[in-house]
Student: 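Below: one structure in structure tokens.
All values derive from a computational prediction rather than experimental measurement. All ligand and atom numbering here is 1-based and tracks the order in the structure.
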Amino acid sequence: MFVRLWLRSFHIYDLLLAIGLITLIVFLCLPFRFASHYEYIEESGIEKALLKQVTRNVSQQEVFECDYSEIIAENRFVYHLAHYHYSVQRGAEIHLGGEFRPEGCQARYSTAIIVPYRNREEQLHAFLTYMHNYLSQQLIHYRIFLVEQIDHKPFNKAMLLNIGAQVAAEYGFPCLILHDVDLLPLNSGQIYACTERPRHMCSALDHWRFHLPYRGLFGGVVAINTVQFQQINGMSNLYHGWGGEDDDLYERLRAKNIDICRFAMEFSQYTMLKHKPEQPNANRVALLRAATLRQPFDGLNSLVYKKVERRLHRLFTLILVVT
Ligand code: UDP
Ligand code: MN
């Protein structure tokens, strides 16, 4: 009888173990939990897809336009370079406020990099060091804007991005890159400039094992023309806490028939610095359902916040706000 009992429990145990193992294998290995296929621009089409546009104050003195074809053709893995992480190599060439223009050639692209931020000091330090080293190799004109929420209400990422976009437009930037502070590009050729269609730049993220979870994912690092951002009334100001605001942005683009694009995977690999998950916004699904209904009156045209201060740091322009 004891043997029979033992056998019975052994079977149940065995079955549970098998089910567990199969679930784990399915979860880890099968790609169909990700978008199995998505369109992307191959290397040969990248330069053509980029929008030539600069701010007015970019020096017209240079005779020759910078050459980007080489940067794209020589795309390579650079994240392992120790000196990219150690200190800002060309610190002396970066202007107060975190602005850089190549010398010796005329930049073809001007980009405002907008980072929503609160209380991630270690990540910010890693971001600034790496990104300035990375970006100053791309021969583009750029400036980093950090929009920091200083109140203690739930984090409102989309509102901070709207604020950043507004400030960047004041500076005349024709192209916005909305950038999480914890995402770093791995390959040198992901040019930080806008494409004709808004671009999802971090489509191959290590956190997702370099797969795209779903085709409509449009968050993390995205490039969008300032004019297009204004056309869609920016992002919703109503997402308090984690989640949903990026899907809302995608819905806004779709509502205006603006298609998105991505570059081939070897240009779009990113790593995400480790952090604890944030508190999700319980209201996000309901908000998303009415995304396009709210679009005409919830966004850039309804942006209300308290500007606390603007400070020019050596490596970035800081915009302190109360939401
Ligand atoms: N963020 C921040 N402080 C916070 C929450 C978010 O600075 O307390 C910013 C930061 O730029 C971060 C981005 O918002 O990268 C997205 O948040 P999070 O990384 O938590 O979301 P994930 O994309 O990892 O789900
Ligand atoms: Mn993150």
Side-chain angles (χ1 to χ4, degrees), residues 34-35 79 98 111-132 134-135 143-165 167-168 176-186 192 200-214 216-224 234-250 262 268-285 287-288 305 308 311 313 315-323:
F34 298 104
Y79 191 73
T111 305
I113 292 151
I114 301 169
V115 184
Y117 178 79
R118 183 170 72 185
N119 195 25
R120 298 246 181 136
E121 215 172 313
E122 208 176 300
Q123 293 186 351
L124 177 62
H125 189 262
F127 176 84
L128 290 169
T129 309
Y130 182 79
M131 289 310 291
H132 276 298
Y134 177 91
L135 291 169
R143 182 176 185 126
I144 297 181
F145 294 90
L146 194 80
V147 193
E148 180 172 0
Q149 179 174 337
I150 59 166
D151 58 67
H152 299 288
K153 285 183 264 178
F155 193 67
N156 191 335
K157 175 176 163 181
M159 184 190 259
L160 300 183
L161 292 172
N162 279 342
I163 296 166
V167 175
L176 313 171
I177 292 189
L178 315 178
H179 211 305
D180 279 10
V181 76
D182 57 6
L183 296 179
L184 303 176
L186 303 184
Y192 270 57
H200 182 222
M201 295 175 68
C202 57
S203 43
L205 188 58
D206 63 352
H207 184 71
W208 298 111
R209 296 188 306 115
F210 300 106
H211 284 79
L212 185 68
Y214 56 101
L217 179 59
F218 194 67
V221 184
V222 303
I224 180 166
M235 297 178 75
S236 166
N237 297 305
L238 303 179
Y239 286 82
H240 307 274
W242 182 90
E245 79 295 331
D246 47 357
D247 296 326
D248 190 291
L249 172 61
Y250 185 65
R262 297 185 172 94
S268 310
Q269 290 170 318
Y270 278 71
T271 187
M272 186 169 98
L273 304 174
K274 295 225 164 7
H275 63 79
K276 279 190 255 135
E278 298 290 339
Q279 187 70 32
N281 168 9
N283 206 16
R284 66 189 190 281
V285 177
L287 277 167
L288 187 57
Y305 66 98
V308 179
R311 282 188 210 150
H313 286 257
L315 299 180
F316 58 98
T317 298
L318 178 64
I319 303 147
L320 293 169
V321 299
V322 172
T323 60

Student: Given Y239, which partner from the list D247, N283, D248 fulfils the side chain to side chain donor-acceptor pair (under 3.5 Å) test?
Tutor: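 Testing each of D247, N283, D248 against Y239, the sole residue satisfying side chain to side chain donor-acceptor pair (under 3.5 Å) is D248.
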
Student: Are H179 and F127 an aromatic pair by the rule of ring centers under 6.0 Å?
Tutor: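 Here the rings of F127 and H179 have centres that are less than 6.0 Å from each other.
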
Student: Under 3.5 Å, is there a donor-acceptor pair between the side chain of N156 and the main chain of N237?
Tutor: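 Yes; judged by distance alone, with no hydrogens or angles, the pair exists.
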
Student: Protein residues near ligand 1, heavy-atom distance below 4.0 Å?
Tutor: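 Near ligand 1, by chain and number: P116, Y117, R118, R120, F155, K157, D180, V181, D182, W242, M272, H275, E278.
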
Student: Quick one: sort the F218 and Y250 rings into parallel, tilted or perpendicular, breaks at 30° and 60°.
Tutor: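 Tilted.
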
Student: If waters are left out, how many protein N/O/S atoms lie within less than 2.8 Å of the Mn ion (ligand 2)?
Tutor: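 For the Mn ion (ligand 2), the figure is 2.
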
Student: Dump the intermediate steps for side chain to side chain contact (heavy atoms under 4.5 Å, CB included) on I224 and I177, then the final yes or no.
Tutor: CA-CA 6 Å; I224 180 166; I177 292 189; over 6 Å; no

Student: Is a salt bridge present between K157 and D180, judged by a nitrogen-to-oxygen distance below 4.0 Å?
Tutor: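 So K157 pairs with D180 through a salt bridge.
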
Student: Tell me if the aromatic rings of H132 and F316 count as close, with their centers under 6.0 Å from one another.
Tutor: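 No.
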
Student: Could you tell me the separation between the CE atom of M201 and the CG atom of L183, rounded to the nearest 0.5 Å?
Tutor: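 Answer for the CE-CG pair, M201 versus L183, is 11.0 Å.
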
Student: Please find out if less than 6.0 Å separates the ring center of Y79 from that of Y134.
Tutor: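 Between Y134 and Y79, which both carry aromatic rings, the centre distance is not below 6.0 Å.
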
